[in-house]
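Note on naming: letters A, B, ... go to the chains in the order of the sequence lines (proteins, then strands), and numbering restarts at 1 for each one.
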Amino acid sequence: EDQVTQSPEALRLQEGESSSLNCSYTVSGLRGLFWYRQDPGKGPEFLFTLYSAGEEKEKERLKATLTKKESFLHITAPKPEDSATYLCAVVGGGSNYKLTFGKGTLLTVNP
Amino acid sequence: NAGVTQTPKFQVLKTGQSMTLQCAQDMNHEYMSWYRQDPGMGLRLIHYSVGAGITDQGEVPNGYNVSRSTTEDFPLRLLSAAPSQTSVYFCASSSPSLDEQYFGPGTRLTVT
């Protein structure tokens, strides 16, 4: 059974204070790891897909990295508009088309 | 493109009532899925479909039925609503690779 654990559950930063969110996973044959952003009262919004260890992707102030056991979402010089819940999900080789999500990290960036 | 649309946005049901949550996408995606999101539980997969006429169960399928007669539509049926089905329901679609899933705005369901 695929498992995803995200930490911390909540993170409060000052504007401009860089940090990282963690996503640890257990999966048989990773087919893909996904990062999503979710604003209150809305559906998740896709950010990144990572397929293999060592892969990195960037978008504005966000950078996602992947190892064989975990992924990090690095946030550089965050702004208040980066405040949201960040979700990590995986799909494994034995899971067909079933995504397993973590519980998310609630990020708050204060001005 | 409207993307993924869901109706209704809010619904209150009494225990034992049945209803259908509607989901439609206009991106010609083969893969569609339903999730429920509960506080402290994250998103959990209910059912999914990889194409018209093909559906399969996810992590929490009990009490829910689905069908996929067209590429565009993927309705979720609650057969006999229970208070444990109080949740926010999200529909999503993507290519079969699951890359870049598009989520709908959600349906907030309360069962009393």
Subject >> Contact leader toward chain B among Pro44(A), Gly32(A), Gly41(A), Gly104(A), where contacts are heavy-atom pairs under 4.5 Å >> reply: Pro44(A)
Subject >> Interchain contact, Phe48(A) with chain B, by part (heavy-atom threshold 4.5 Å) >> reply: neither
**OP:** Considering non-hydrogen atoms only, spot the tightest contact between Met32(B) and Thr71(B) and give its length.
**Re:** SD-O, 3.5 Å
Subject >> Region of Tyr35(B) that comes under 4.5 Å of a non-hydrogen atom in chain A >> reply: side chain
Subject >> Contact class of Tyr97(A) relative to chain B, heavy atoms under 4.5 angstrom >> reply: both
Subject >> Atom pair OG1/CD of Thr76(A) and Glu60(A) - distance to nearest 0.5 Å >> reply: 12.0 Å
Subject >> side-chain contact (heavy atoms from CB on, under 4.5 Å) assessment of Val50(B) paired with Tyr48(B) >> reply: CA-CA 7 Å; Val50(B) 296; Tyr48(B) 66 95; 4.3 Å; yes
Subject >> Side chain, backbone, both or neither of Lys98(A) within contact of chain B (heavy atoms, under 4.5 Å) >> reply: both
**OP:** Identify which of Leu47(A), Val91(A), Val4(A), Leu99(A) forms the greatest number of heavy-atom pairs closer than 4.5 Å to chain B.
**Re:** Leu99(A)
Subject >> Step-by-step side-chain hydrogen bond (donor to acceptor under 3.5 Å, both in side chains) determination, Arg77(B) to Ser67(B) >> reply: CA-CA 9 Å; Arg77(B) 297 183 187 84; Ser67(B) 60; 3.1 Å; yes
**OP:** State, to 0.1 Å, how close Val27(A) and Gly92(A) come at their nearest heavy-atom pair, and which atoms those are.
**Re:** CG2-CA, 3.1 Å
Original post:
Which one of Thr100(A), Leu87(A), Thr85(A), Thr49(A) has the most heavy-atom pairs closer than 4.5 Å to chain B?
Top reply: Thr49(A)
Subject >> Engaged part of Leu98(B) at the chain A interface, taking heavy atoms whose separation is under 4.5 Å >> reply: both
**OP:** May I ask you to check whether Tyr102(B) and His29(B) place their ring centres under 6.0 Å from each other?
**Re:** yes
Original post:
Does one hydrophobic cluster hold both Tyr31(B) and Tyr89(B), with members joined at side-chain heavy-atom distances below 4.5 Å?
Top reply: no
Subject >> Option in Ser94(B), Ser33(B), Pro96(B) with maximal non-hydrogen atom pairs under 4.5 Å from chain A >> reply: Pro96(B)
Original post:
Most heavy-atom pairs under 4.5 angstrom with chain B, which of Glu45(A), Glu1(A), Gln38(A)?
Top reply: Gln38(A)
